[in-house]
Structure formats: C-alpha cells, structure tokens
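To keep things clear, I will list the structure first and then write my remarks on it.
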Amino acid sequence: MGKILIVCATRAGETEAIGKLIAEGVRLSGMEARVVKVQEIQNETDLDGYAGYVFGSATYHGDMLQTMKTFLFLAQKAGLEGKAGGAFGAFGWSGEAPDRIYGTMENIFKMDMASTPLRLKSSYMEGGIQMAQDYGRQIAKKIK
C-alpha cells in the first residue's frame, strides 16, 4: 500500500484543515496518509518512504509562507523526481502560494503532478470539503 505525505505551512490553521481533508480522500482511496506541519520536517530523510507528496501553504502578502520556502529548498535534495505530487493552500484574497509550490514541484523536482493545484478560501465554504477529498483521491489514483 502506498503512503502519501502531506506537509502544511499554516498561519491560522485553515491550510492544515484542508490538508487533513486531502488525507481523508487519500484514505478513502485505500491508501495511507500522514499530515505534518512543515516545522516537523528537519532534513530530507524525513521525506523517505512515501509514494506521493502534497505540499500546502497559506498565501500571505501574495506569496507562500517563509517556512514553506525553506522547506522546498530542503525537499529539493530528497530525490522526488517521478513521484506523485500535488499542491494546495488557503487564501484570503489572491491565492498565489499553491501555484508557486506546484510550479516548483513540477518544474524543479520533476514530479508527476495532479492536474492543477487546489486553492480554497476555506475548507468548509463552497464545497471545500468535497473538493479537498477529491484532490486526495486524485493523488492516490496516480499511485495505484
């Protein structure tokens, strides 16, 4: 059974809530999912042993959080090429963070990415729960 790691950089907890809903979608697909805060990843070996990765950050002042930027430099050393991937994030106005994370994963890490990044204002508004769970299913399907 494949395992998917979901790494969240969150300010107010909404990005983490979305990450947990993505994990539910992964589990509903019969796979394992682990959700961690970005601060829990200390080195590239903490990324070993997963078939897929989903990275998320809140958008703050038009960009991803600094902790996610730092994490992406670390993740670049982890050899994620060809692995399934996805990017997501919560936002208030603009929502650029998921796009920037997605671009890094696709173009620099050379990962097998989901069709688009997932951008939600909230996990509980406008079908957010279903959208996040469906995103988890989409990533799991890439591994099966």
Side-chain angles (χ1 to χ4, degrees), residues 1-42 44-60 63-76 78-144:
M1 175 186 297
K3 296 187 296 185
I4 296 176
L5 180 65
I6 301 165
V7 180
C8 309
T10 189
R11 287 189 64 233
E14 189 56 42
T15 302
E16 184 178 11
I18 295 167
K20 289 177 180 178
L21 290 169
I22 293 170
E24 284 180 13
V26 169
R27 292 181 190 113
L28 290 169
S29 298
M31 301 184 79
E32 291 180 43
R34 179 177 176 222
V35 180
V36 299
K37 291 183 180 175
V38 70
Q39 297 88 341
E40 295 177 48
I41 306 295
Q42 298 297 308
E44 63 270 15
T45 60
D46 291 341
L47 300 174
D48 290 347
Y50 296 92
Y53 301 85
V54 187
F55 302 153
S57 174
T59 297
Y60 185 67
D63 204 355
M64 69 183 87
L65 299 179
Q66 183 61 46
T67 54
M68 180 54 68
K69 286 182 185 180
T70 302
F71 165 76
L72 290 174
F73 282 110
L74 181 146
Q76 187 174 3
L80 304 180
E81 186 171 337
K83 302 273 185 162
F88 70 100
F91 66 97
W93 291 277
S94 56
E96 292 94 341
D99 293 328
R100 291 185 177 147
I101 296 166
Y102 186 96
T104 299
M105 295 172 80
E106 181 177 46
N107 300 310
I108 296 173
F109 299 173
K110 305 291 185 204
M111 295 177 72
D112 179 19
M113 297 299 288
S115 59
T116 61
L118 175 67
R119 290 185 286 310
L120 294 174
K121 285 193 176 247
S122 171
S123 60
Y124 57 88
M125 290 174 55
E126 300 174 9
I129 292 171
Q130 187 66 50
M131 290 170 65
Q133 289 174 340
D134 288 347
Y135 199 72
R137 287 184 184 103
Q138 183 183 88
I139 308 282
K141 189 174 182 180
K142 290 188 141 310
I143 296 168
K144 287 189 172 183

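Only heavy atoms go into these numbers, but all of them, side chains included; no hydrogens, no water, no symmetry mates.
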Does Lys37 have any salt bridge (charged side-chain N to carboxylate O under 4.0 Å, His left out) partners at least two apart in sequence or in another chain, and if so, which? Glu16
Within this structure, what is the CD1-NZ distance for the pair Ile143 and Lys3, rounded to the nearest 0.5 Å? 11.5 Å
Strictly by side chain to side chain donor-acceptor pair (under 3.5 Å), give each pair with a member in residues 97-108 just once, sequence neighbours left out. Asp63-Arg100, Asp99-Arg119
Taken in chain and number order and not counting sequence neighbours, the residues that satisfy side chain to side chain contact (heavy atoms under 4.5 Å, CB included) with Ala132 are Ile18, Leu21, Ile22, Leu118, Leu120
Closest heavy-atom contact between Ala9 and Thr67? CB-OG1, 3.6 Å
List the steps and the verdict of side-chain contact (heavy atoms from CB on, under 4.5 Å) for Phe71 and Leu65. CA-CA 10 Å; Phe71 165 76; Leu65 299 179; over 6 Å; no
Only pairs at least two apart or in different chains count here, so list each side chain to side chain donor-acceptor pair (under 3.5 Å) that has a residue in residues 46-58. Arg34-Tyr50
Any side-chain heavy atom of Ile101 within less than 4.5 Å of one from Pro117? no
Considering all heavy atoms of both residues, which atom of Met111 and which atom of Ala84 are nearest to each other, and what is their separation? CE-O, 3.5 Å
Looking only at heavy atoms, which two atoms of Pro98 and Ala87 are closest? And how far apart? O-CB, 3.6 Å
Any Lys121 side-chain heavy atom under 4.5 Å of Phe91 side chain: yes
By ring pair (Phe, Tyr, Trp, His ring centres under 6.0 Å), Tyr60 pairs with (sequence neighbours left out) none
Taking side chain to side chain contact (heavy atoms under 4.5 Å, CB included) as the definition, give me every residue that meets it alongside Ser94, ordered by chain and number, with sequence neighbours left out. Thr59, Glu96
Minimum heavy-atom distance Val26-Ala33, with the two atoms named: CG1-CB, 3.7 Å
Test: side chain to side chain donor-acceptor pair (under 3.5 Å). Region: residues 130-139. Which pairs qualify, not counting sequence neighbours? Glu24-Gln133, Ser115-Gln138, Gln130-Asp134, Asp134-Arg137
Which pair of heavy atoms, one from Gly86 and one from Ile139, lies closest together, and at what distance? CA-CD1, 3.6 Å
Contacts of Lys83 meeting salt bridge (charged side-chain N to carboxylate O under 4.0 Å, His left out) (sequence neighbours excluded), chain-then-number -> none
Closest non-hydrogen atoms of Leu72 and Met64, given as atom of the first, atom of the second and distance, are CD1-SD, 3.7 Å
Could I get the full list of side chain to side chain contact (heavy atoms under 4.5 Å, CB included) partners for Ala17, not counting sequence neighbours? Glu14, Ser123
Under the rule for side chain to side chain contact (heavy atoms under 4.5 Å, CB included), what residues qualify as partners of Asp112, not counting sequence neighbours? Lys142
